[in-house]
Amino acid sequence: MQSLAPSSTISMKSIMRTPSPLPYNPHRFAFTVKSAASRFDSAANATNPAVSASAPAPSTNFASGGVGKSRADWQSSCAILASKVVSQQQNTEKTGGADNITVVNGHKTLDLVPVEKIPKPLTITDLSPAPMHGSTLRVAYQGVPGAYSEAAAGKAYPECDAIPCDQFEVAFQAVELWIADRAVLPVENSLGGSIHRNYDLLLRHRLHIVGEVQLPVHHCLLALPGVRKEFINRVISHPQALSQCELTLTKLGLTVTREAVDDTAGAAEFVAANNLRDTAAIASARAAKLYNLNILADGIQDDSSNMTRFVMLARDPIIPRTDRPFKTSIVFAHDKGTSVLFKVLSAFAFRNISLTKIESRPHRNRPIRLVDDANVGTAKHFEYMFYVDFEASMADVRAQNALAEVQEFTSFLRVLGSYPMDMTPWAPSREED
Ligand SMILES: O=C(O)C(=O)C[C@]1(C(=O)O)C=C[C@@H](O)C=C1
């Protein structure tokens, strides 16, 4: 996995400069031998001229060796075809003959590519949305290399190119503008709870949740080589990371200033880039390696089972299935009426569907509801959006019926996604790299 200069992070500005992409046109994929090499060269950019034009940020490739086997096969096939074309042109000049025809013993023969080198025709699986056409999946995440979101991208899509973005908003837009195929979004942590801002983003954008991963988060205290704990008068990190290590920092005697920055690895990069000998960063062991920092303390999260849940987002939903455990995420709002929440929740309870999460957020468009109160005039109530995750696939009739019922009680209902549950067995948090 290559490490990247943080300057290669995609920013809102660079996205704004990106020329607007052409709409998706499946006919662009009509297969010709000539287009094969260039298509595999530009991989996920094939559908988006804006991408090749704007030279997107380099990314981390999680596949060992960087390039997948099939891509290499295609490239060598195409190279052989290209060299044939060159030799045929030379022959043509010599013989003055037509395309693809060589003179052998006075007979004209078609000059064929050796059977084992002939590219295979595209099949229906080559056309499946992920990964695109045998190319490497491009996954946008917020932060710089070494961030936990990058690790989550690697866990969800081991062969992917992880693309750093300076804000979550940018990661969403990277997918919307076809610069990336997926975005990774942390939504909750076992210690810190829900990451509310990201729930709001889910609603503001029209991307679909297509997967989830739960990542053990193992924090380290990082400082420049030679710096000891006693020299530290400031600890910087992502706010979630600072809160996940609060007690341990105090136990370590580090009752010093805490400062929040955009991401954990960004904090490590900042300490290194500015040669800060009085500042430590909370970040991963991988960030220590990438930015040449020392690990002053290892495993400083307040709970060894510290875990963050990330969701994977895509432009299109996946087709829900029933042959493996699925989860569905919805968001709804309701107007008025009594016991609406109770009725909604019982739609799931009566069908034996377990809820795994419920979260309420202020209704941004209508945060306050005025209600008449006969005795004291008009009262104000807060209005909420409710986010619910439940353990069933949208392909399951029970889920379909439950949602049909929920729709009756709600003024707004959106299915954010129906996706395979992360069933990875739990293991204590430990950094491998
Ligand atoms: O800063 C990072 O490294 C991130 O990936 C973000 C983030 C978060 O938003 O919660 C992800 C996992 C950890 O819980 C701490 C920070």
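In terms of modelled atom types and a separation under 3.5 Å, the side chain of H208 and the main chain of V210 share no donor-acceptor contact.
Below 30°, between 30° and 60°, or above 60°: for F386 and H334 the angle between ring planes is below 30°, a parallel geometry. Using bins of under 30°, 30° to 60° and over 60° for the plane-to-plane angle, the ring pair F172/H205 lands in the tilted bin.
Between G211 and Y419, the closest heavy-atom pair is N-CB, 3.5 Å. Nearest heavy atoms, N198 versus P186: ND2-O, 2.7 Å. Residues L221 and A280 come closest through the heavy atom pair CD1-CB, 3.8 Å. The two residues S329 and D389 have their closest heavy-atom pair at OG-OD1, 2.8 Å. Nearest heavy-atom pair across A283 and L222 is CB-CD1, 3.8 Å. Between S418 and T328, the shortest heavy-atom contact is OG-OG1, 2.9 Å.
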Go through the steps to decide whether Q214 and T424 satisfy the test side-chain contact (heavy atoms from CB on, under 4.5 Å), and finish with yes or no. CA-CA 8 Å; Q214 295 179 6; T424 319; over 6 Å; no

I330 and V415: side-chain contact (heavy atoms from CB on, under 4.5 Å), yes or no, with the steps? CA-CA 4 Å; I330 60 167; V415 177; 4.1 Å; yes

Please walk me through it: do L313 and V175 pass side-chain contact (heavy atoms from CB on, under 4.5 Å)? CA-CA 8 Å; L313 304 165; V175 178; 5.9 Å; no

Would H219 and Y148 count as a ring-ring contact (aromatic ring centres under 6.0 Å, His included) if you check the C-alpha gap in whole Å, the side-chain angles of each, and the deciding distance to 0.1 Å? CA-CA 10 Å; H219 290 302; Y148 296 103; 5.1 Å; yes

Trace of the side-chain contact (heavy atoms from CB on, under 4.5 Å) decision for D181 with R315: CA-CA 8 Å; D181 308 305; R315 286 178 295 276; 4.1 Å; yes

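A search for side chain to side chain contact (heavy atoms under 4.5 Å, CB included) contacts involving F350 returns S346, not counting sequence neighbours. By the side chain to side chain donor-acceptor pair (under 3.5 Å) test, D200 pairs with R361, sequence neighbours left out. Applying the side chain to side chain contact (heavy atoms under 4.5 Å, CB included) rule to N352 yields the partners R398; only residues at least two apart in sequence or on another chain are considered. Residues that satisfy the side chain to side chain contact (heavy atoms under 4.5 Å, CB included) test with P420, not counting sequence neighbours, are I318, R324, F326. Considering only residues two or more places apart in sequence or on other chains, R414 meets the side chain to side chain contact (heavy atoms under 4.5 Å, CB included) condition with L203, R206, V331, F412, L416.
Heavy atoms of other residues, nucleotides or ligands lying less than 6.0 angstrom from CZ of R277 number more than 12.
Here the CZ atom belonging to R138 is positioned 9.0 Å from the OG1 atom belonging to T136, to the nearest 0.5 angstrom. Taken from NZ in K251 to CG in L254, the straight-line distance is 13.0 Å, to the nearest 0.5 Å. Interatomic distance, L191 CG to S305 OG, rounded to the nearest 0.5 Å: 7.0 Å. Note that the CD1 atom of I282 and the CD1 atom of I300 stand 4.0 Å from one another [nearest 0.5 Å]. Distance CE/M312 to CD1/I209: 10.5 Å, rounded to 0.5 Å. Taken from CZ in F168 to CG in D263, the straight-line distance is 8.5 Å, to the nearest 0.5 Å.
A 4.5 Å side-chain heavy-atom check between Y291 and P145 finds at least one atom pair inside the cut-off. A heavy-atom distance below 4.5 Å is found between the side chains of F390 and L403. A heavy-atom distance below 4.5 Å is found between the side chains of V344 and T410. Contact of the N294 side chain with the V227 side chain is not registered, since no non-hydrogen atoms from C-beta on lie closer than 4.5 Å. Proximity of I236 to F270: side-chain heavy atoms (C-beta onward) are separated by under 4.5 Å at one or more points.
The pair K343-E408 does not meet the salt-bridge criterion, since no charged nitrogen lies less than 4.0 angstrom from a carboxylate oxygen.
Side-chain polar atoms of T257 and R234 form no donor-acceptor pair below 3.5 angstrom.
Residues in residues 184-195 take part in these side-chain hydrogen bond (donor to acceptor under 3.5 Å, both in side chains) pairs, two or more places apart or across chains: E188-R309, N189-Q244, N189-N306, N189-T308, S194-K357, S194-E359.
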